[in-house]
Each structure stands twice: as C-alpha cells, then as structure tokens.
Amino acid sequence: MWKVVIADTAAGSTQQQCAWSGVNEIEIIGVADNLAVFGEWVKDQEVDAVDIAPSVTAPEKWIELAVEAKKHVICDANVQIGIEAISELQAICEKQGIMLLLPNAWRFSPVYVQAREHVLQGAIGKPGVIRMRRSALPATKGCIFDVLGAEVFDWLRWTFGDVLRVMARSVKHMDETGQAVEYALVIVKHADGTIAHIELSLAEPEERSSFELTGASGMLQYDSNDSQPIVWDMNRKLVQPDSGAEPFADRAAADRRSSRRAHFVRAVSGQEPLQMTPEDVRMARKIAQAARQSAESGQPVQLMDGGSAK
Amino acid sequence: MKVGIISFAHMHAHSYATYLQKHPDVQLTAIWDHDEERGKTAAATYQVDYYGDLREFLQTDLEAVIVCSENARHKEHVIAAAKSKKQILCEKPIATEVKDAEEMIRTCKEEGVILQIAYPVRFASVMEQVRQLIESKAIGEVLAVNGTNHGQMPGGWFIEKELSGGGAATDHIVHVMDLVRWLLKDEGKSVYAELDTRFYDIDVEDCGIVSLEMESGVIVTIDPSWSRPKTFPTWGDVTMQIVGTKGTLSVDVFKQHALYYNDHANRVQHLPWAKDMDEGLIADFIQCVQEGRAPSISGEDGLRTLEIVKAAYESNRCKQAVIIDKVTFPE
C-alpha cells in the first residue's frame, strides 16, 4: 500500500483526493493546508510520495521540503514555478534520487496521445503545417504563453522534436469592468522543418482545444467542441434542471488527473519510465518565454540551443 | 455589352464564362488563348469566336475583357487591353512583381479604363453579413484575425515559378488579406512568414504561415498552404476567426454544403448549395462598366495584397519580420 500526503490550500477542495481514487493500492495519509504541517508529515518514514495541488502558493518550497525528506513528488502547479526554480528542483531531485513529475495534462489526454502515436507511425507522412488552438475563460490568471501555451509547446516538442525559433504576436484589451481579453498567435519552427501555428485565446466563453495536423500523406483533425458524445438541450420554455451529472469535459479532465497519478506510481515503482522530466517542462517554458519576447519585440526569437533537452 | 476572355489558363475562366453567359446584359463573344487547343475547346464549349492573335482579338468591338492568363502574363495582357480601351477584370494576383502592378495601374488610369481585381470572396453572401457585423461593432473593436485559405496542390503552371510567381503563398495569401483589408479598412504594417516545400516534390513553396501586424495594431495570421489531402472532400477552404473586444466571429465561407458519401466514386464530397460568389463578382464588374463607376476592387487593392506577398517572401528569406514597403500614386 502506497502512502500519499496531499498539499492543498483550497478550502474544501477534494479534486486531488478524487484524482487518487482511481489508483489502486493507495492510501491518503492526510491533506496539509500549510507548509508547517506539510513539513511535519513528510518527515513520516511511512509516506512514499506527496501530491501538490495547483492551489498551493510557491509550490517550489513545498517540493523542496518533500525532496529533502526523500519523498517522490507529483505537482500540478508547474505553471507557478519559474524556469530557474525548475532547474534547481531538477538538480536536487537528481541528487536525492527522487522522482519529480510536473505533468502536462496533454501527455495524458487520449486524443493527444493517439495523435502523437499516429504522427510517429507515419500516418500523415512528412509533417507540414500543424495548427493548434486552445482557449480558456477570460478570467484565467497568468501569462497567456505560460498558462495556455506551455502545455501545447510541450506536446509539439514531444511529437515533432526540437524548436528552432518562435514568432508571436499578442493583443490584450481591458473592458470597462476590468476584465481582460487576451489573444495570441504563435508560429513555432521545429528543427525538422515542421511549421506549427498556435492560437491561444482568453477571449472565448468556454474551454476548447483543437488540432489539424497536415502532412505529405494525410491530415488528422480534432475539435473538442465536435467530440461531445452527449448534447443535452432542454425545451426553451422549461427551466434548465440541475442535472447532477458532471459535464463530459470535467469528467475527461478528472480521468487525466487519475491516469497521470497511476503513471507516477508505476514510474516510481520501476514498472515504466517517467513520462516526462522537469527538463521537458523547462524547455516548454523556454518556448513560452521566447514567444513572450517575440510578441514584445515584433521579431522572431531564435532558441539558440535548438530547444533540445540536455 | 460584349465581353471577351483573355486565356483559360486559370480554371476560374470557366466559372466567369458561365456567369457572363447567364447575365442578361452581356454577350460573351470572343476568347483569346495562346494555347490554341485550350482556346478552341473553350470557344466551342461557350459557342463563341476563338482568336489566336491578341491584337486581332482586341480590335473587335468588345467593351470589356476578363484576364485569366498565367499570373506572370497579367501585365502584358492588361496593358494591351487597356491600350485598346477595354474595361478590365483581372484574375488575382494582380501580377507577380510590384513594379508590374504599378505599371498596370498607371496604364489603366492613363487610358481611362477600369481595372478590377477578381477577389470573389467579397461577394459571398456570408461575407456581406460579416462586414455588417463588424461595422455595427457586434464583437466590439477587432483585435485579431486567424485566417486560412487552404487548397489542394493545383499543379500545372501554378507550380512553374516563372509563370506563377510562386507557390501557395502567391496563390492563397491574397484572398484572406483582401478580406482583412476590406473588413477592417486597415493596411498591413509588418509581415513575418515561415514558408516551405514539404508536401510535394515541386519547385515552389507548398505550405507556410504568414503573421502580420496591421497599422491599427490588429494582429493577423494567414495559412495559405496547399495542405488539403487528395482525399479531402472539397478543393479547400476560406475561414476566419475574428476576435473582438466583446466577442469572436468564426467564419467558414464554404460551410453551406451537404456531405455526399459517394460509393460510385469511392469518395466523400462536399456539395455546396450557397449562391456562387463568382456570380456576384461578374454582376458587380458589369454594373461597374455600365455605370462607369470606380471598380469595387481596384488595382490598388490588388497591389496592396501583392506587396504583402512579396514581403512574406522577403521575411521567409531573411527570417525577420519586415516592414511593408508601400507604393503610392500621386492624386
């Protein structure tokens, strides 16, 4: 039986606990809502791993505590960790022999995993122009290239390899209520010649993602809006009842949270290699940083080391 | 009104011929083509006279001509037609070089003839609705446009650079660019492009992405790639995601179609049912000639989009965003 401590400072949040419910042989020891309690719990010899929720502020401090106590870490709050801190965490994890998983949800999303496998198996032939779209609600906090872009950039790098240069343009508008609408268009040129176009939107009323992967022998298309197996509309005259059912997208997101935890357990147990390293996260964030710099300068930004991992 | 067609090199000539023949005020009377077989076949199809000599063709009593020759020959044919006082509708792009477009525009002005450029998408009924929505600020102020004009690789002279001027970038940037300029009443300022040849073993680019900043600060990307697979159910697309301060418009110009699973041909096909935009383009050009008014889509409109295409090639060459160098004409 694996013993896990959860770090979650959101009052009444059960998302992290639910994410573990689908993983076998797991016992949640407790949920720490402050660093002092967390520090005590990770000293417990029986704890195997910690799970740090996105609600936690300065997650690198929590990770450091856990790693120093030789506990393996999965952390969904990687957007909040700076590029330099990721490198430092990676170094201390290597020194302590600890696994740190900062998962990209897209690497655990069935459609994105399937698309990558098809590309690698040659389904579309030599890749040409890759079109990606991702949108989230305007209220989403943080830099658009980090909060929306980094996972896309990681998936692109995972699928098409190193990145040579990035060109981005972005616009931001603050309305009279103080709500910002933000939108960015990014071009990523990969070392293998593949050209990716990424639309990032914090200007739409719903979360959405889509792709169009074109190549010399075919094309793969997907749109989350066209992939809902259940569409439930009520007669306009009736009040929409509270269905009590989870929207399908939420359920899919919960499945992804569970599947990356199951992978984490298998990786720590030596049953399979870790899906992605902190270095992958760092490289995706470097692409996001290049996009930010490009949008500011109006010129492309060359990734001098080719975007390659060490 | 008697109208002739100069060359059937571009496949759109057939659509224009069809709508000329349907127009109540027009007689399609003559076709010139340097390719005798192609010209004679077209003349027989539309039951009009074929001319192998351009000077002889232009000496007839045609009032207007439509130029559908290969891109690099537009200049020669437009200038010859202008000097014969013919009103002109020229297939896009206006030319393959900016200086050629300048000369065409100047000659048509000097000769007092209309030079209209064929950007039919403006006449799609959906685009008129989009224009009204944007003008009425339905989505607030426009911030960005994410556009595509995809196609299948056309082959033939389209992939011979000396005749076409270039590949997918030459062929497909201009439609969306014209729509952006027309909808926003704005001009391109800075262009960045990544172009490449990745789908076919050809001598021109077949894919890429073009990124623009407009003078107003609006940001735009255009995907002009010949990236539709051979199995794609139609020739391509024109789409625009127009993002405003209050909302987003998703426009798919050719969305109005039925889907046909065709076991006879072993393929899936789009069967479009919207009114053909070429009909609107032809009707507008004829009305323009009849009324002697300025063309709806001018030579300058053609020139502005060509300048962006040329800037995209330059950007792709130097891997930098380039400022668009605009030609101006004295009033």
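Residue numbers begin at 1 in each chain, while the letters A, B, ... track the order of the sequences.
When heavy atoms are compared at a cutoff of 4.5 Å, B/T148 approaches chain A solely by way of its side chain, counted from C-beta outward. In this structure, chain A has no heavy atom under 4.5 Å from any part of B/Y200. With a 4.5 Å cut-off on non-hydrogen atoms, A/Q221 touches chain B through its side chain but not through its backbone. With a 4.5 angstrom heavy-atom cutoff, B/S225 touches chain A only via side-chain atoms.
Between chain B and the options A/M174, A/E199, A/R165, heavy-atom pairs under 4.5 Å are most frequent for A/R165. Counting heavy-atom pairs under 4.5 Å between each of B/K230, B/Q241, B/H150 and chain A puts B/Q241 at the top. Ranked by heavy-atom pairs shorter than 4.5 Å toward chain A, the options B/V220, B/L195, B/T248, B/L212 are led by B/L212. Contacts with chain B were tallied for A/S201, A/P127, A/A184; A/P127 has the most, counting heavy-atom pairs under 4.5 Å. The candidate from B/V243, B/V218, B/D206, B/I219 with the greatest count of non-hydrogen atom pairs under 4.5 Å with chain A is B/I219. Note: A/V129 leads A/V129, A/T194, A/V181, A/D175 in heavy-atom pairs under 4.5 Å with chain B.
Rounding to the nearest 0.5 angstrom, the gap separating the OG1 atom in B/T221 from the CG atom in A/L185 is 4.0 Å.
At least one donor-acceptor pair closer than 3.5 Å links the side chain of A/Q299 to the backbone N or O of B/A321. Judged by distance alone, the side chain of B/R198 and the main-chain N or O of A/K126 form no donor-acceptor pair under 3.5 Å.
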Review point. Between A/R131 and B/N146, does a side chain to side chain contact (heavy atoms under 4.5 Å, CB included) hold up when you go through it step by step?
Key: CA-CA 11 Å; A/R131 299 182 60 81; B/N146 177 7; 3.1 Å; yes

Practice item. Would you please test A/H197 and B/S211 for side chain to side chain contact (heavy atoms under 4.5 Å, CB included) and show each step? Key: CA-CA 10 Å; A/H197 176 259; B/S211 164; over 6 Å; no

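The shortest distance between side-chain heavy atoms of B/Q320 and A/P300 falls below 4.5 Å. With contacts defined as side-chain heavy-atom distances shorter than 4.5 Å, the pair A/R169/B/E213 qualifies.
Counted within 6.0 Å of CG on B/D203, heavy atoms from surrounding residues, nucleotides or ligands total 12 or fewer; the atom is thus considered open. Sparse packing is recorded around CG of B/D325, with 12 or fewer heavy atoms of other residues, nucleotides or ligands lying under 6.0 Å away. Within a 6.0 Å sphere centred on NZ of B/K161, heavy atoms belonging to other residues, nucleotides or ligands number 12 at most.
The pair A/K189-B/D196 counts as a salt bridge, with a side-chain nitrogen and a carboxylate oxygen less than 4.0 angstrom apart.
Among residues 203-215 of chain A, the residues having any heavy atom closer than 4.5 Å to a heavy atom of chain B are, in sequence order, A/A203, A/E204, A/E212, A/T214, A/G215.
Closest approach of A/V171 to B/A144, counting heavy atoms only: CG2-CB, 4.3 Å.
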